[in-house]
Amino acid sequence: MAGRRAGPRRPGDARLSALGEATGEGHPHEDHAYVQAIAVTPGRQCLGIGGALLRHRLAGCDRQGLPACLEASSRRSRALYERHGFAVLG
């Protein structure tokens, strides 16, 4: 049986891969979910969409019994994550 061929690369794939490599050593060593690339278009920010996306993803982590790990790319996103119970590790 032939293997499944990967789909086309998306424009941000290389940047996300580089981010993962640069921040990998700060990740937990136990099993965890890496919450990556939650984003809301600038014109739709401050409407609760980012929080809703994060709650949805964290509910899946809870169902799987996995802790979650992420990186904040701005002070604003860091504040959002802290409001949802994340602690700053570095």
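The analysis underlying the following values was restricted to heavy atoms, covering all of them including side chains, and did not include hydrogens, waters or symmetry mates.
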Note to self: For Arg83, give me all partners under side-chain contact (heavy atoms from CB on, under 4.5 Å), at least two apart in sequence or on another chain.
What the structure shows: Ala79, Leu80
Checklist line | Joint cluster assignment, Leu53 & Tyr34, ILVMFWY side-chain distance < 4.5 Å | finding: no
Next item on the list: Indicate if Leu54 and Leu47 have the same hydrophobic cluster label, given that clusters are the connected sets of ILVMFWY residues with side-chain heavy-atom separations under 4.5 angstrom.
Entry: yes
Notebook entry, point to check: With sequence neighbours excluded, what pairs up with Arg55 under the side-chain hydrogen bond (donor to acceptor under 3.5 Å, both in side chains) test?
Noted result: none
Notebook entry, point to check: What is the minimum heavy-atom distance between Ser77 and Ser73, and which atoms define it?
Noted result: OG-N, 3.2 Å
Margin query: Quick one about Glu71 and Tyr81 (side-chain donor to acceptor, distance below 3.5 Å, no hydrogens or angles considered), yes or no?
Written below: no
Tabulate below the donor-acceptor pairs under 3.5 Å that side-chain atoms of residues 58-70 make, not counting sequence neighbours, or state none.
none

Check: For the residue pair Val40 and Gln45, what are the closest heavy atoms and their distance?
Finding: O-NE2, 2.9 Å
